[in-house]
Amino acid sequence: FYSFYSSMPSYNVIFITFCDKFVMVTVSHIVKKIVSEQAFVEEGLASGIISIANLAEGMLPKIENELGKKIKVAAVVMALRRYAEEISGHRKKIKEFDYTGELIIKTNICDFTIVKSTSLMAKLRTIHNLVNFERGDTLNVILGNNEVSVIINEKYREKLISFLSGEKILNKEHGLVSLTIIFKSEDFTETPGVIFNIVRKLAGESINIYEIVSTMTELTVILSKKD
């Protein structure tokens, strides 16, 4: 993988060679990359509440650094306007989603992260015996490729530690809150952007999310009680 710059002064491009093929990277490509990495900027751009001229000036140094040459602000402005139209076009195609539903909040939750192992997977077959679902207890088990997260009520913390005896516990988080939304609409899993919009609103309030659990009509986020 290597790159070299175009010697033609009339183009703001960089050629990248990958797998013996040339790909021409333009100002537009870099603009999309930078904007897509910043959700709030992308949202503001799509909504038309950000000054494109000011945004272009702020992005200019980074774009010039990636291209390895000087470019005009006008080129960045044009790329931003085109991308804004592209984003707006995509969003118009997405159907509206009804966010109304039942909200359930549970406090005194803890979250354990454990290294995934054969012995742990065998133990998880009986982990439900630690809690009483009829009393409204919480138990969520999230299986990753290399790790397993267990979300459970604080009152079962010691029981869980004993249950996990012999396993490698990577992290323990306490003082958490479980916030569950049970949507009236059954289109939750079929509508793009539902989780994104909820996560974006929480991020806008500087609220960190420890875990996300979802089913066909439910979305649960695990948050810090202090938030």
Side-chain angles (χ1 to χ4, degrees), residues 28-56 58-59 62-63 76-111 113 136 138-145 147-152 171 173 175-227:
S28 294
H29 289 125
I30 299 175
V31 164
K32 288 182 179 181
K33 175 179 174 290
I34 294 173
V35 173
S36 63
E37 291 173 348
Q38 304 176 70
F40 294 111
V41 174
E42 187 174 63
E43 178 68 21
L45 190 63
S47 303
I49 60 176
I50 285 182
S51 168
I52 291 181
N54 290 340
L55 180 59
M59 294 171 63
K62 189 170 184 178
I63 296 173
V76 182
V77 169
M78 183 177 295
L80 283 169
R81 284 177 177 166
R82 288 176 177 172
Y83 190 40
E85 292 174 358
E86 182 180 323
I87 298 171
S88 298
H90 286 318
R91 295 195 174 187
K92 287 178 181 178
K93 296 177 182 178
I94 298 175
K95 61 182 179 181
E96 292 292 325
F97 180 77
D98 183 6
Y99 285 88
T100 59
E102 182 182 357
L103 185 65
I104 300 174
I105 300 176
K106 295 182 180 181
T107 58
N108 300 319
I109 301 295
C110 61
D111 182 9
T113 303
T138 294
L139 176 63
N140 296 114
V141 179
I142 305 172
L143 302 179
N145 290 323
E147 301 169 354
V148 175
S149 289
V150 177
I151 302 162
I152 198 168
N171 188 48
E173 294 290 345
L176 304 179
V177 173
S178 168
L179 190 155
T180 300
I181 306 172
I182 303 176
F183 299 108
K184 289 182 178 180
S185 173
E186 295 184 354
D187 294 332
F188 170 41
T189 56
E190 303 296 328
T191 306
V194 176
I195 294 179
F196 166 76
N197 286 329
I198 293 172
V199 170
R200 176 172 55 84
K201 290 183 181 298
L202 292 173
E205 298 295 329
S206 298
I207 297 175
N208 184 43
I209 297 175
Y210 286 89
E211 303 279 6
I212 296 179
V213 183
S214 66
T215 60
M216 190 176 76
T217 59
E218 298 181 15
L219 175 66
T220 298
V221 289
I222 307 301
L223 317 168
S224 173
K225 187 177 181 180
K226 64 183 180 181
D227 291 333

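Just so we're clear, the structure is a prediction, and the values are computed from it rather than from any experiment.
- For Glu218 against Thr180, the heavy-atom pair with the smallest separation is OE1-CG2, 4.2 Å.
- Scanning for salt bridge (Lys or Arg N to Asp or Glu O under 4.0 Å) contacts around Glu37 gives Lys33, with sequence neighbours left out.
- Here Ile182 contributes atom CD1 and Met216 contributes atom CE; the two are 12.0 Å apart, rounded to the nearest 0.5 Å.
- Residue Leu219 holds its CG atom at 10.0 Å from OH of Tyr99, rounded to the nearest 0.5 Å.
- Applying the ring pair (Phe, Tyr, Trp, His ring centres under 6.0 Å) criterion to Phe183, with sequence neighbours excluded, gives Phe97, Phe188.
- Nearest heavy-atom pair across Ser36 and Glu42 is CA-OE2, 3.9 Å.
- Judged as a salt bridge (Lys or Arg N to Asp or Glu O under 4.0 Å), and not counting sequence neighbours, the contacts of Glu86 are Lys32.
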Steps toward side chain to side chain contact (heavy atoms under 4.5 Å, CB included) verdict (Val221, Val199): CA-CA 9 Å; Val221 289; Val199 170; 5.6 Å; no
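- Thr100 and Asp98 get closest at one heavy-atom pair: OG1-OD1, 2.7 Å.
- Taking Ser28 as the reference, Thr26, Ala79 meet the side-chain contact (heavy atoms from CB on, under 4.5 Å) condition, with sequence neighbours excluded.
- Considering CD1 of Ile212 and CG of Asn140, their distance stands at 12.5 Å, rounded to 0.5 Å.
- Residues Lys106 and Ile109 come closest through the heavy atom pair O-CG1, 3.7 Å.
- Within the structure, ring pair (Phe, Tyr, Trp, His ring centres under 6.0 Å) pairs that include any residue of residues 198-227 do not occur (at least two apart or interchain).
- For the ring pair (Phe, Tyr, Trp, His ring centres under 6.0 Å) test, no residue two or more places apart in sequence or in another chain qualifies with Phe196.
- Nearest heavy atom pair, residue Ile50 against residue Leu45, reads CD1-N, 3.9 Å.
- From Ser178, atom OG reaches atom CD1 of Ile105 across 9.0 Å, with rounding to the nearest 0.5 Å.
- Heavy atoms only, all atoms of each residue included: Thr217 and Ser185 are closest at CG2-O, 4.3 Å.
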